[in-house]
Amino acid sequence: MNSVNPIIQIRNVYKYFGPLKALDNVSLDVNFREKVVVIGPSGSGKSTLLRTINQLETIDRGQIVVDGQDINSPANDITKIRAEVGMVFQSFNLFRHKTVLQNLTLAPLKIRKISKDEAEETALKLLEKVDIKEKADSYPAQLSGGQQQRVAIARALAMNPKIMLFDEPTSALDPEMIGEVLDVMVTLALEGMTMVVVSHEMGFAREVADRIVFMDYGQIIETGTPQHFFENPEHARSQKFLEQIL
Amino acid sequence: MSEKPVTIEISDGAAIPRRKDKGLVSAWRLAFFSALVIFTCLLIFKREPYLRIIKFLPDGILVTFEVTIASISLASIIGLFTGLGRISRNRYINLIASTYVEVVRGIPLLVQLFYLYYALGRFVRIPDIAAAVIAMSVCYGAYMGEVFRAGIESIDRGQTEAALSLGFNRTQTMFYVILPQAWRTILPPVGNEFIALLKDTSLVSILAVSDLLRRGREFASESFFYFETYTMIAIIYLLITLLLSKFVGIMEERLGRYEQR
């Protein structure tokens, strides 16, 4: 069923910050196992759009359906929906008072109520996957930015989510650390995870995205395959944006 | 004036002496051991009247401890809920907590004690020690509420967002993620509140509570050793307060550990 219906349906969404229109009639569907990369100039509303998907931002009008559930309906428990949607932040946001391992096990233990042994076993596997198992007992402050971000990805994966959201995951990193984080994301994409990524990494977008979404002024200006978007952007604003960054 | 060029040294964090670099003589050690030496010398070389005074005081010290510990516990609980109330998204809870803080902060503790004991005492008879503990807790609960609020607000929003995105609800986020971190920021000012509270328990001696100060007053007024008695009382308060501040310092260091590189 998931493979037929879009797993994320965003319908005519509006969001205002005071007088500022952050999202202006945005509609977007994301299919199961699809990788969508959202790009656009800063202030274009791309992070806001991403954050509405797990209701870190509420919306003023419109509808968002995630995995068949309207997230703004009072009948649905938003915490349950969030548990199925992993999120990776620009500033990592690891729990500073917990070790790396505890960062990964906290939510599975308290929310999924699984046993400590099981949680730690899964956590160690994930840490191995993001290649940072040796730091399991370190605290976040002892890690580099790239290491922290890899742990943050593993932490989100520990809840075994159906969807992963990435909010500019490499923007706060030193250049030499961007690669290690992107590698993990590419691996994840190859495994078939449904991903929505807000990013400025055009190389990553070109390589991994099934679809590029270009936003500006709170609107989706253009969507298309990477090939289409990077080779023949239709819209004048997309062309201008590409000129500026490439 | 002199012709010497003026140089301004720009220091950064590294130039500020670290807590550990204090060496043998720290302000705490100087104060504590001086007090201890004076205390011991007085007892050894001037046994009369100091030995008599010290024998008279243990009951009072015990009462002071009882009132302090009971008030600290109660005030911490009130403070936590007040702090949570002050940041609550529920308008009414927020208003109640904020009003409580404003009112209590605006009335001197001594007046609150009098009011509870003598004014309200006309309608309800509250036992002495209970009245003391209630007044101290209500007053310090408001102060601590502000400390808790500031501590919680000092935690980066990203921590809350990360917890919410994993599927924690707001209460779980508060107790598993925010408070354990806020505790580190909160501890030093809370420690100061504890110490202030301990000293302010001396105010309850105006009720019929036989705390350390009141016992001293009783002894002094019978024996007329005012100087000697109040010297002893001051030294005992100082020693207890310094021990408490040391304890707070040790806790602080332990909780600070995960921040180290």
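Treat the numbers as computed from the prediction; the structure is a model and nothing was measured. Values below: all heavy atoms of this structure, side chains included; hydrogens, waters and symmetry mates excluded.
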So, for [X] and [Y], which heavy atoms are closest and what is the spacing to 0.1 Å?
X      : Y      : value
A/L106 : B/Y176 : CD2-CB, 4.3 Å
B/P180 : A/H97  : CB-CD2, 3.4 Å
A/A107 : B/L166 : CB-CB, 4.0 Å

From A/D167 CG over to B/E161 CD, what is the distance, rounded to the nearest 0.5 angstrom?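 It comes to 9.0 Å.
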
From B/Q172 atom CD to A/K110 atom NZ, the distance as rounded to the nearest 0.5 Å: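 Here the interatomic distance stands at 9.0 Å.
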
[atom1] ([X]) with more than 12 external heavy atoms under 6.0 Å:
X      : atom1 : answer
A/E121 : CD    : no
B/F247 : CZ    : no
B/F81  : CZ    : no
B/R157 : CZ    : no

If we define contacts as heavy-atom pairs under 4.5 Å, which of A/L165, A/I81, A/L94 has the most with chain B?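 The residue among A/L165, A/I81, A/L94 with the greatest pair count is A/L94.
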
Which one wins on heavy-atom pair count under 4.5 Å against chain B: A/M159, A/R51, A/R112?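 Winner by heavy-atom pair count: A/R51.
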
From CA spacing to verdict: side chain to side chain contact (heavy atoms under 4.5 Å, CB included), B/T160, A/N93: CA-CA 9 Å; B/T160 304; A/N93 297 343; over 6 Å; no

Give, as side chain, backbone, both or neither, the part of [X] having an atom under 4.5 angstrom from any heavy atom of chain B.
X      : answer
A/I78  : neither
A/I111 : side chain
A/F95  : both

Check whether B/N169 gets within reach of chain A through its side chain, its backbone, both or neither, counting any heavy atom under 4.5 Å.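 It is both, since atoms from each part get that close.
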
